[in-house]
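The structure appears right after this line, and notes come after that.
The first residue in the sequence is number 1, and the count goes up from there. Hydrogens, waters and symmetry mates are skipped; everything else that's a heavy atom, side chains included, is used. Every number for a ligand or one of its atoms is a count from 1 in the order of the listing.
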Amino acid sequence: MAETESTTSRRKRRTPEEASIDPAAQEMLAVAEQIGVTTAFSRADLMAPCNIGAVGMCCSLCAMGPCRLTKDGSTGICGATIDTVQARNFIRSVAAGSAAHSDHGRDLAFTLKAVANGEAEGYSIRDIAKLRNIAAGYDIPIEDRSPEEIADELADLYIAQFGQQRGTLLPTRRAPEKRRKLWDELGVTPRGVDREVVEALHRTHMGDDQEFSHILHHAVRTSLADGWGGSMIATDISDILFGTPAPLLGEANLGVLKDDMVNVVVHGHEPSLSQMIVAATQDPEIIEYAKAAGAEGVSLSGICCTANEILMRQGIPAAGNFLQQELAILTGAVEAMVVDVQCIMQALVGLAENFHTKIITTSPKVHIKGATHMEFDESKALTIAKDILKFAIDNYAHRGETKIPDYKSLLIPGFSHEYINYMLGGSYRASFRPLNDAIMSGRIRGVAAVVGCTNPRVKHDLMHTTITEELLKEDVLVVETGCSAIANAKLGFLLGDVALDRVGPGLREICEAVGIPPVLHMGSCVDNTRILTVLTQMVEEGGLGDDIDQLPAVGLAPEWMSEKALSIATYFVASGVYVIMGGSNPVEGREEKVPDSVLVADYMRDGWEELYGGKLEFLKEADEMIRCTLETIDRKRADLGLPEYDPTRFGQSGDARMEEIDALPIEERRLALYGQPK
Ligand code: XCC
């Protein structure tokens with residue numbers, strides 16, 4: 001039955017405690033209730049997802065439809081089967097996700113070009129060593145050349161990757177050799193970023209590709225153009241221009257907003273403008289301007305991946321993850337929310353009308369009706385950043401009552417793959433050897449990447465934190481990006497001493513020896529490419545097989561919601577990783593098998609595993625995700641001939657053990673230390 005006003009209004013509304021585990025979010029949801037405004041949480045309660053669209057069985061690709069395929073054997077007016085329709089919808093999502101990440105990379109390549117030519121106000125090349133390393137990897141001459149000359153050539157090479165028509169997308173050469181050969185044999189090596197995205201759209205136009213596995217074959221190629229293309233380019237250039245992250249102290253959650261300062265929240269994904277806003281907040285002219293307006297200064301914080309970009313590099317606090325964008329406005333303390341691209345809810349503008357908050361759009365690609373548009377232009381980036389801050393400061397006088405939740409947590413972000421390499425071996429012995437050795441000995445059972453969005457269809461932050469907590473107890477090292485990292489930061493998992501009491505004995509020893517938290521925050525969503533690089537370096541270090549699919553590693557996106565997440569999942573699968581997605585499965589819904597047919601969901605699990613050694617699976621419950629993660633890690637350990645995981649073998653050394661011994665009476669202490677009374 002179609003959803004109507006009367007059926008929606010009868011749906012159960014969750015209490016704030018049922019909607020989120022985060023007390024700051026709960027407080028703001030209660031405020032929303034009190035003042036009678038909606039949020040994504042309450043709108044999700046009121047609107048049931050379309051049960052045909054949710055499982056990819058609605059085809060709206062031509063005007064004979066939309067055709068709703070509801071039962072096995074049904075077809076669209078053109079005869080398209082459920083398999084074909086689901087695969088078409090899936091690849092279109094992958095293409096959109098790949099396009100979003102890659103267009104972000106393209107814009108950064110243009111910024112690099114402008115910086116190299118002195119045409120970008122306020123920017124400079126911050127990481128010359130990374131620039132030289134990357135350029136040398138592409139055979140760009142680096143000796144006796146200025147950073148600008150090298151950057152100019154690298155920018156041209158990267159810009160060309162988007163429009164390249166034939167050949168091989170260059171960053172793919174960073175994948176393990178065996179993997180590259182496999183991609184070549186299977187015909188999925190991406191040629192050019194734009195070409196793969198365009199072909200995905202062409203293939204799904206009415207009357208084109210109609211064999212679901214053939215459509216999905218190109219979905220893989222399109223996703224690889226993202227992970228080993230556009231996203232990797234974005235990460236490289238962000239590091240070159242804004243600095244490669246290294247650990248620093250940061251804060252997360254809505255409590256980072258300040259009562260006595262002008263609060264500017266940057267939200268979206270691209271670091272170009274937000275980095276300039278960071279610089280502008282330090283400008284004496286801006287500080288004076290804020291003081292003249294009666295504030296103590298300007299306090300900058302972030303939401304979503306823009307937050308991660310400036311948190312990782314400058315320690316600018318994260319006000320929250322995706323589902324907290326509206327909640328930040330509900331505090332009444334935000335003078336301006338400055339948005340760029342991706343994950344920005346249109347509802348922000350309507351909500352902000354209840355407060356003094358100004359929503360400022362800055363990208364030529366993203367306008368929102370009712371928002372103030374102040375377009376970003378790299379040639380006068382610093383001037384624009386200052387104009388935005390002055391606009392926010394002028395708005396401080398209009399602030400009414402504020403309700404800032406008193407919750408914030410410390411975290412240590414900044415684990416770029418370069419830093420992980422350095423921290424494991426130091427300046428002269430930088431290497432992944434200690435990590436591989438720890439996995440081979442069983443101190444670390446395996447590695448899990450817990451990444452991705454938050455989604456109001458599930459309890460906010462709960463899946464991310466439950467899965468992370470359980471995997472840490474099982475001695476699994478967790479790496480994170482995106483909104484998942486912010487979720488776990490709130491519980492202290494990204495802070496060594498807080499988290500170490502909650503991890504298994506072997507992992508604890510390693511974290512204490514190396515001096516790291518058990519959850520490594522590796523950045524924004526485009527920075528999932530850092531995880532690809534880490535996996536590749538683990539393979540190249542030796543002892544854990546000769547390709548990524550042999551590593552005891554699993555990827556999880558338990559609260560995913562965006563099309564970008566599907567692209568990321570697909571390129572990880574094609575790189576050899578078992579990927580578990582939570583929430584809804586966009587290719588399920590068929591209950592019986594038509595004879596001789598394969599379910600699309602089964603194909604993504606079993607068919608892709610046969611081809612790539614990685615597989616994609618949609619699981620509903622956290623327990624199931626944890627079980628499947630551990631089973632896969634243990635199976636891969638066994639396949640590598642590594643000792644079976646046994647936590648009782650470890651935990652006899654390390655800080656915790658020393659503290660226990662120190663607390664003993666002297667005789668017992670000697671016994672514990674030397675095995676006999678002395
Ligand atoms: Fe968006 Fe990157 Fe998802 Fe968060 S995790 S909701 S995509 S901000 Ni990428």
Less than 3.5 Å apart, which donor and acceptor atoms pair up between the side chains of residues 23-33 and the rest of the protein, not counting sequence neighbours?
| residue | atom | partner | partner atom | Å |
| --- | --- | --- | --- | --- |
| Gln26 | NE2 | Ser20 | O | 2.8 |
| Glu33 | OE2 | Arg13 | NH2 | 2.9 |

(request) Just the protein N/O/S atoms under 2.8 Å from atom 3 (Fe) of ligand 1, please, no waters. (result) Cys453 SG

(message) Any salt bridge linking Asp45 with Arg457? Criterion: basic side-chain nitrogen under 4.0 Å from a carboxylate oxygen.
(response) no

(request) Measure from the ring center of His367 to the ring center of His373 and say whether it is less than 6.0 Å. (result) yes

(request) Might you confirm whether atom CD of Glu624 has over 12 heavy atoms from other residues, nucleotides or ligands at distances under 6.0 Å? (result) yes

(request) Specify whether Tyr123 and Phe242 have parallel, tilted or perpendicular ring planes, treating 30° as the upper limit for parallel and 60° as the lower limit for perpendicular. (result) tilted

(message) Among Glu563, His269, Gln342, which one puts a heavy atom closest to atom 2 (Fe) of ligand 1?
(response) His269

(message) Check this for me: Glu621, atom CD, are more than 12 non-hydrogen atoms of other residues, nucleotides or ligands nearer than 6.0 Å?
(response) no

